[in-house]
Number of protein chains: 2
Amino acid sequence: MAVTSFEASLRQRCSNCSLREICLPLGLDAEELGKLDDLVKRRRRVFAGQHLFRAGDPLQSLAAVRTGFFKIYEVSAGGHEQITAFPMEGELMGLDAISTDAHRGNAVALEDSEVCEIPFTRLETLLSDLPRLQHQFHKLLSGAIASDHGLMMVLGTMTAELKVAAFLLNLSDRLEARGQPRAIIRLPMSREEIGNYLGLKLETVSRMFSRLRDDGLIATEGRKTEILEHKALRDLCLQGPLRA
Amino acid sequence: MAVTSFEASLRQRCSNCSLREICLPLGLDAEELGKLDDLVKRRRRVFAGQHLFRAGDPLQSLAAVRTGFFKIYEVSAGGHEQITAFPMEGELMGLDAISTDAHRGNAVALEDSEVCEIPFTRLETLLSDLPRLQHQFHKLLSGAIASDHGLMMVLGTMTAELKVAAFLLNLSDRLEARGQPRAIIRLPMSREEIGNYLGLKLETVSRMFSRLRDDGLIATEGRKTEILEHKALRDLCLQGPLRA
DNA sequence: GATTGGCCTTGATAGCTGTCAAAAGTAGCA
DNA sequence: TGCTACTTTTGACAGCTATCAAGGCCAATC
């Protein structure tokens with residue numbers, strides 16, 4: 001029992017987290033990691049379907065996904081919902097709240113998940129003391145912008161088939177960056193949620209999955225998807241709506 | 001002559017810049033402003049059509065638009081160009097470069113413009129000393145994410161007519177935030193560039209301008225556009241693709 | 001094991017936007 | 001002023017995606 005709780009406490013620290021090469025701790029030395037550990041004390045389980053935060057909530061903490069999968073959606077003034085991201089392990093949520101001190105998005109767990117809460121005001125204080133942590137935080141903010149631009153490119157230039165292909169490749173790349181097999185993708189979101197994210201209707205998403213399957217590029221079994229022809233799928237995205 | 005150059009040097013400082021309530025200096029006291037002034041020494045003219053930076057350039061400086069208008073476009077692996085922003089006065093460019101230490105976008109002046117160059121490494125050093133500047137910088141990064149999400153909502157949920165209406169309202173709001181008349185919009189970009197930004201073809205953009213004009217919501221005279229019915233235009237965006 | 005409800009797939013049709021084409025408008029320049 | 005090149009507008013038509021509809025699959029429940 002004592003051993004178990006010791007191991008649990010180890011797992012509960014940034015310094016031993018398997019995601020430290022992806023998340024906030026990247027590039028820190030032991031002393032710096034210790035200070036970050038002091039800050040990120042609160043871990044929290046979020047069950048499937050449960051909200052972690054809602055639009056309008058004051059920004060208390062940023063949250064890093066430790067295990068599981070989330071969706072972030074925003075609601076326009078006209079009442080339309082748009083999913084803006086599907087954060088997975090090692091990704092931060094709530095970065096867009098800093099500008100207004102209140103969350104703009106709603107975060108829902110797509111499966112039973114666990115997050116590390118990072119009190120934002122205390123984080124900013126710590127950043128001033130730890131230049132390397134500051135730089136890594138800026139890289140994560142900047143990376144979020146870059147990744148949003150990637151989605152804008154998908155939304156603005158691609159046909160339905162390419163959008164779905166790009167979506168699968170994006171997930172595949174992110175899995176690979178976490179040391180997981182890049183070919184096998186377990187989708188925690190529905191066709192409707194994929195469609196919302198990609199600017200498509202759920203029927204169109206379904207049709208495109210079928211088309212990619214019929215073309216032999218992927219195999220599907222419900223929400224389990226396997227990429228059979230990785231290179232062909234990437235070439236499809238590259239050629240794009242534009243041929244040479 | 002002496003007076004002129006004195007006035008010029010005043011205008012060349014963050015502490016006296018008319019954009020200090022929008023840009024990086026927001027919230028700083030006199031001493032802090034002085035340190036920022038020391039950092040942001042280089043102003044640079046960029047003539048219409050000229051590039052300020054290109055994708056792949058190492059990140060040396062962020063740039064704040066002082067006067068004029070830019071477009072930022074990214075080129076996908078497949079060679080497709082996508083405009084991701086039209087920065088105007090007081091807006092920062094190059095934030096997405098921090099994550100990779102190299103620019104991802106290409107910045108082109110749409111008209112003769114002037115920018116303030118902010119050496120990034122020195123900025124990060126200064127941020128550690130000036131918590132308020134650090135917080136404002138984070139707000140601007142966060143605001144860039146929020147604004148990208150706004151565009152994703154437009155791209156993902158709106159029809160062509162609503163996209164163009166939302167585009168005009170966005171420009172109108174940003175002009176108003178700078179104390180300029182919100183109804184009169186001088187577009188420095190072509191129909192093709194608007195279309196690229198909104199995920200539409202130039203002909204469709206032109207048709208939607210004509211439709212909004214025929215409906216009495218706007219008046220057009222080439223690239224000069226006037227919003228005649230501001231509320232009606234906003235209502236149009238709100239009702240969106242969704243009734244009720 | 002049958003039933004129920006949610007999600008996914010597939011088909012037929014309609015509507016919106018893209019494509020192709022031509023003419024009109026605008027700006028720069030000799 | 002007149003020329004040229006570019007941008008914008010407008011029209012006709014095709015193609016892609018949304019819509020409407022029905023049926024199948026799966027898991028949870030009784």
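Every heavy atom of this structure was used, including side-chain atoms; hydrogens, water molecules and symmetry mates were not. Proteins come first, then strands; the chains are lettered A, B, ... in the order of their sequence lines, and each starts at number 1.
Test A:K71, A:R45, A:R186 against A:E111 for salt bridge (Lys or Arg N to Asp or Glu O under 4.0 Å) and you get one pass: A:R186.
Within the 4.0 Å cut-off from OP1 or OP2 of D:dA18, at least one side-chain nitrogen or oxygen of A:T204 is found.
Side chain of B:D112 to main chain of B:A48: a donor-acceptor pair is present (N/O by atom type, distance under 3.5 Å, no hydrogens or angles). Listed for the B:E192 side chain is no donor-acceptor partner under 3.5 Å among the backbone atoms of B:K201. Formation of a donor-acceptor pair under 3.5 Å by the B:S172 side chain with backbone atoms of B:A183 is not found in this model.
Of the candidate nucleotides C:dT9, D:dT8, C:dT17, C:dT9 has the atom lying nearest to any side-chain atom of A:R191. Side-chain proximity of B:S210 to the nucleotides C:dT10, D:dT10, C:dT17 is greatest for D:dT10. Closest approach to the A:R223 side chain among C:dT17, D:dT19, C:dC7 is made by C:dC7 (side chain taken as heavy atoms from C-beta onward). Side-chain atoms of B:L200 lie closest to C:dG18 of the nucleotides D:dC20, C:dG18, D:dT10. For A:K201, the listed nucleotide lying nearest its side chain is D:dA18; candidates were C:dT9, C:dG18, D:dA18.
The nearest whole Å value for the distance from the CD1 atom in B:I194 to the P atom in D:dT9 is 9 Å. Rounded to a whole Å, the CG atom of A:L202 is 10 Å from the P atom of D:dT19. If you take CG of A:L198 and P of D:dA18, they are 11 Å apart, rounded to a whole angstrom. For A:F209 and C:dT9, the CZ to P distance is 8 Å, given to the nearest whole Å. If you take NZ of A:K224 and C1' of C:dC7, they are 14 Å apart, rounded to a whole angstrom. Rounded to whole angstrom, the span from the CD atom of A:E203 across to the P atom of D:dC16 amounts to 18 Å. For the pair B:L162 CG and C:dG15 C1', the interatomic distance rounds to 15 Å; values are reported in whole Å.
Residue B:G195 is classed as having no contact, given no heavy-atom separation below 4.0 Å to the nucleic acid. Among the heavy atoms of the strands lying under 4.0 Å from B:S190 are primed sugar atoms or P, OP1, OP2 only; no base atom is included. Among the heavy atoms of the strands, none lies under 4.0 Å from A:R211.
Donor-acceptor pairing under 3.5 Å, judged by distance alone, is absent between the side chain of A:E221 and the base of D:dC26. If you check distances only, the side chain of B:R207 does reach the base of C:dT19 with a donor-acceptor pair under 3.5 Å. Side-chain N/O atoms of A:E161 and base N/O atoms of D:dC16 include no donor-acceptor pair closer than 3.5 Å.
Closest of all the heavy-atom pairs between A:L95 and B:S142 is O-OG, 2.6 Å. A pairwise comparison of heavy atoms in B:A232 and B:L217 identifies CB-CD2, 3.4 Å as the closest pair. Nearest approach of A:P87 to A:V65, heavy atoms of both residues: CB-CG2, 4.1 Å. The two atoms that bring B:E117 and B:L52 nearest to each other are OE2-CD1, 4.2 Å, heavy atoms only.
The terminal axes of the helix from C:dG1-D:dC30 to C:dA30-D:dT1, fitted over 5 pairs per end, subtend an angle of 40° to the nearest 10°.
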